[in-house]
Amino acid sequence: MEYSFREIEQKWQAFWKENNIYKANINPEKPKYYVLDMFPYPSGAGLHVGHPLGYIASDIYSRYKRLKGFNVLHPMGYDAYGLPAEQYAIQTGQHPAVTTSKNIARYREQLDKIGFCYDWSREIRTCEPDYYKWTQWAFIQMFNSYYCNDEHQARPVTELVEAFSEQGTEGLNAACSEELKFTAAEWNAKSEKEQQKILLNYRIAYLADLKVNWCPALGTVLANDEVSEGVSVRGGHPVEQRVMRQWSLRVSAYAQRLLEGLDTIDWTDSLKETQRNWIGRSEGAEMSFKVKDEDLEFTIFTTRADTVFGVTFMVLAPESELVEQLTTADQKQAVEAYIAATKKRTERERIADKRVSGVFSGSYAVNPLTDEAIPVWISDYVLAGYGTGAIMAVPAHDSRDYAFAKHFNLPIVPLIEGCDVSEESFDAKEGIVTNSPKTGAERRGGLVLNGLTVKEAIAKTKLYIAEKGLGRVKVNYRLRDAIFSRQRYWGEPFPVYYKDGMPYMIDESKLPLELPEIDKFLPTEQGEPPLGRAKAWEIDGYPLELCTMPGFAGSSAYYLRYMDPQNDKALVSTEANEYWRNVDLYIGGTEHATGHLIYSRFWNKFLFDLGVVCEEEPFKKLINQGMIQGRSNFVYRIKDTNTFVSLNLKEQYDTTPIHVDVNIVSNDILDVEKFRNWNPEYKNAEFILEDGKYICGWAVEKMSKSMFNVVNPDDIVEKYGADTLRLYEMFLGPIEQSKPWDTNGIDGVHRFLKRLWSLFYKGDEFIVTRDEPSAEELKILHKTIKKITYDIENFSYNTSVSAFMICVNELFALKSSKQAVLEPLVILLAPFAPHVAEELYHLLGNQGTVCDARFPVCNDAYLVENTVKYPISFNGKVRFTLELPADMSKEEVERTAMSNDQTAKQLNGSAPKKVIVVPGKIVNIVF
RNA sequence: GCCCGGAUGGUGGAAUGGUAGACACGAAGGACUUAAAAUCCUUUGGCUUCACGGCUGUGCGGGUUCAAGUCCCGCUUCGGGUACCA
């Protein structure tokens with residue numbers, strides 16, 4: 001019998017499906033293990049060979065855990081809302097729901113071929129009303145909550161209302177957009193509308209006028225993580241700043257917990273570091289500066305309180321509310337012109353343009369420590385959204401302030417002993433402080449920092465300003481609230497209606513609020529979002545929200561829904577949540593480091609505060625799979641001809657490299673006939689060959705259609721089978737490393753499976769015997785068990801595949817086909833190559849499924865070696881080896897080595913200075 | 001600029017401080033075959049030698065050590081993330 005993978009794979013895939021082998025149920029008798037893949041956005045292009053990499057890795061782990069006796073939850077679904085389907089709808093009129101379900105069907109077909117152990121009964125799609133009902137529900141809970149900074153958790157807004165009516169803002173410590181102060185009497189006197197407006201300032205889901213990333217080409221607002229270098233991540237369209245009324249989530253309230261939580265989870269250091277940087281905690285001080293000759297003061301934020309004696313000017317962000325107050329009459333025109341010019345520029349232009357710009361406001365601030373009057377400038381290098389939107393500029397010790405001071409000829413006062421600021425600023429937080437205050441400018445009882453280190457000076461200044469009421473210690477975060485409105489059609493509708501211009505939540509009993517049908521997927525003539533086209537988009541006569549939710553809405557809690565996907569009473573039942581708890585192993589790409597992986601953690605923490613979920617962190621362990629790059633092939637056309645020259649001859653001609661479809665190239669040799677048929681342009685192509693072959697050039701590039709280097713897993717499965725694909729993807733290299741896909745090596749793993757098969761069948765004869773295995777055979781088996789177990793636990797799957805190859809090669813060399821060795825081997829292999837393993841498991845006489853076998857355990861007794869091959873080295877260089885008994889003493893090894901003829905030859909008369917014997921390892925003779 | 005990763009044969013990669021290059025691809029040679037495919041066997045880092053062997057070798061330069069791909073210091077270079085965050 002031949003290894004006929006097609007037959008085997010179809011047979012067992014059908015068997016698994018019919019017998020619900022991968023159905024997961026709550027079972028308190030067994031420990032749970034939850035393995036999750038980042039669910040895909042079903043794009044029209046289908047899966048390429050890079051996508052399943054992580055899925056195969058998680059599948060192996062799921063199957064391994066099951067063999068180890070765990071009750072494994074391993075679900076899959078689709079992140080079904082998204083821009084591409086909508087853009088396609090605009091172009092073709094095809095409803096995004098239609099495109100999406102077609103794409104999903106295609107994805108499913110491709111996934112099914114690979115033999116994953118997903119429990120498909122738990123499939124979710126974010127665009128299904130049954131699913132997004134709970135996305136809307138969570139939004140309502142966020143609207144009805146505020147974040148209490150004293151209790152460090154979300155609390156009901158009703159508690160806030162109660163507090164306001166009893167004591168106003170007195171004693172309030174809540175996360176908010178703006179610090180407000182009012183009394184109970186003032187609150188109670190306010191109208192419903194005014195009160196609602198104030199509450200928005202505290203709600204976790206809130207509506208506010210914000211400076212947002214507006215992308216005109218997409219016609220929508222984008223979140224910070226959806227914009228990179230001034231253009232949209234999707235499509236690369238320019239993004240500009242615009243103030244708009246938008247829904248936002250107060251993610252910033254959770255900044256500290258998001259930061260601290262990182263210490264409790266098992267993620268890679270680099271990913272944690274990325275999140276830490278994104279959260280961007282910085283400890284500093286807020287300090288108030290009075291405005292000279294005015295009854296005004298404003299607050300700045302600094303992490304370098306120690307440099308307050310070196311402040312030579314102040315800078316406001318152009319968007320700051322203070323600009324209006326501080327601009328004097330004679331500077332008004334200049335300031336307005338500057339602000340107008342700044343507004344016109346897109347984010348991208350501002351980033352690209354490194355030129356210093358700014359304008360003097362006309363006002364002066366007073367340094368509270370020196371009483372010096374210092375000019376207040378306005379410049380776009382200060383951001384409105386960070387800190388207070390105002391800074392004290394210390395050009396000697398901040399490079400941006402330095403550039404500004406140089407440009408506008410402002411004074412630079414160095415504050416560190418011996419630092420040279422003639423060419424650049426001294427930004428390092430080290431050295432001894434001087435000039436603080438300057439000699440002769442000391443004040444009685446004033447702050448003196450001279451002689452201290454920077455660190456000491458910062459601490460002393462903070463203490464001083466707090467005591468004197470000049471400011472306070474403050475922690476700032478770079479993390480911004482997440483803008484949650486999108487002016488698009490294909491997303492979750494907000495469960496929101498408007499009454500008197502104020503937002504209200506629709507009743508939970510009316511959920512889900514379904515996405516309405518519209519005639520065209522474009523904004524209305526009035527520039528409203530597409531939902532403005534929906535008929536009767538209102539509730540009880542009140543208009544509904546026209547924006548929809550962003551892509552990350554549906555992916556923020558999907559891992560919870562898998563625990564209890566059909567529940568229509570709750571997002572997840574307490575029973576299911578308390579059993580499955582959180583994701584034990586999450587596998588996905590690093591590209592979600594600052595988006596999905598922050599939002600999910602936030603969302604989960606919020607639900608944790610509500611008592612809906614029992615674990616504060618959603619993903620205990622996370623592994624990033626590397627990207628699979630493409631390996632492109634090139635042909636070389638001689639310029640202005642239709643003649644192509646083989647790689648090693650191309651230097652003799654003037655050629656243009658042209659991408660050629662990798663699917664018509666094998667081992668870099670071009671199939672010339674297929675090439676002629678590939679494109680009509682090449683029908684009459686001529687070739688200059690070498691050794692009768694056309695050899696292509698190659699390069700590693702992104703896998704994409706335009707490079708003609710896309711490899712479809714379906715084709716691989718068709719030609720070699722799913723088990724070969726699975727093994728080969730793992731064999732390519734460490735899971736977390738990026739590497740190019742090169743189909744060339746695949747024959748190796750396919751040969752391995754054929755050789756494994758040959759241990760069972762010789763021709764049509766089944767040759768497995770029940771004979772007792774020899775010590776040698778048992779050693780081969782147990783060595784493999786040990787290695788595979790270790791490798792799976794450490795996600796080193798590439799070396800596991802090698803270990804299987806070594807094992808089979810060794811058994812093959814011994815012509816060994818014994819049940820007692822092959823059966824454990826088949827079980828070991830089952831997580832990697834489940835189809836062939838299932839077939840062989842049954843051939844060995846087993847019933848049921850190999851998925852429920854018991855993972856073999858290594859018996860070290862079989863691994864004991866009687867002898868050790870000692871490498872004998874001289875001055876670190878190995879010259880020969882000696883085979884000695886394993887239990888030989890150190891002294892005896894030394895004596896044996898020294899008395900050897902070859903040793904005498906190597907020493908050549910010299911006396912050894914030192915002999916190092918590492919028992920069981922090596923001997924090194926130094927002379 | 002800053003923060004993370006990498007750099008080992010023609011290629012993908014392996015190696016708790018202890019014989020660098022496991023395993024696999026490719027290549028070369030051979031067996032089987034009328035032939036091809038498949039399969040099997042041998043060789044395969046470089047230089048050198050008829051051969052035994054020798055020299056050299058993990059991006060570069062130093063260092064620690066009996067012993068360094070592995071640890072430390074300083075560079076080069078390639079990926080990825082981030083960008084006026086005060």
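Below, read A as the first sequence line, B as the second, and so on, with proteins coming before strands; counting in each chain starts at 1. Just so you know, these numbers come straight off a predicted model, no measurement behind them. Computed from heavy atoms alone, side chains included, the values below leave out hydrogens, waters and symmetry copies.
At the heavy-atom level, A:Arg631 lies nowhere under 4.0 Å from the strands shown. At the heavy-atom level, A:Ser270 lies under 4.0 Å from the strands shown only through sugar-phosphate atoms. The residue A:Pro740 sits apart from the nucleic acid: no heavy atom pair falls under 4.0 Å. A:Lys913 comes within contact range of no nucleotide atom at all, as no heavy-atom separation falls under 4.0 Å. Using a 4.0 Å heavy-atom criterion, one finds that A:Leu732 contacts the sugar-phosphate atoms exclusively. Among the heavy atoms of the strands lying under 4.0 Å from A:Val926 are primed sugar atoms or P, OP1, OP2 only; no base atom is included. The residue A:Asn744 sits close only to the backbone: its heavy atoms come under 4.0 Å of sugar-phosphate atoms, none of a base.
For the C1' atom pair drawn from B:A83 and B:C73, the interatomic distance equals 30 Å after rounding to whole Å. If you take atom P in B:A20 and the same atom in B:G69, they sit 8 Å apart, rounded to whole Å.
Close to B:G13, at under 4.0 Å from its OP1 or OP2, lies a side-chain N or O of A:Gln737. Side-chain N/O atoms of A:Lys754 include one lying less than 4.0 angstrom from OP1 or OP2 on B:U39. Within the 4.0 Å cut-off from OP1 or OP2 of B:C40, at least one side-chain nitrogen or oxygen of A:Arg755 is found. Here A:Arg879 reaches the OP1 or OP2 of B:C55: one of its side-chain N or O atoms lies under 4.0 Å away. Residue A:Ser282 has a polar side-chain atom (N or O) positioned under 4.0 Å from OP1 or OP2 of B:A86.
The residues A:Lys787 and A:Asp791 are annotated as salt-bridged, a charged nitrogen and a carboxylate oxygen being separated by less than 4.0 angstrom.
With a glycosidic angle no further than 90° from 0, B:G9 counts as syn.
A heavy atom closer than 4.0 Å to some atom of RNA chain B occurs in A:Met805, A:Ile806, A:Asn809, A:Phe812, these being the qualifying members of residues 805-812 of chain A.
Atoms CG (A:Asn875) and P (B:U19) sit 17 Å apart, rounded to a whole Å.
At a cut-off of 3.5 angstrom, counting only N and O atoms as typed in the model, there is a donor on one side and an acceptor on the other between the side-chain of A:Lys921 and the base of B:U16.
Partner assigned to B:A51 is none, using Watson-Crick or G-U wobble distances below 3.5 angstrom.
In this structure, A:Tyr761 has its ring center at least 6.0 angstrom away from the ring center of A:Tyr3. A:Trp757 and A:Phe5 have their aromatic ring centers separated by at least 6.0 angstrom.
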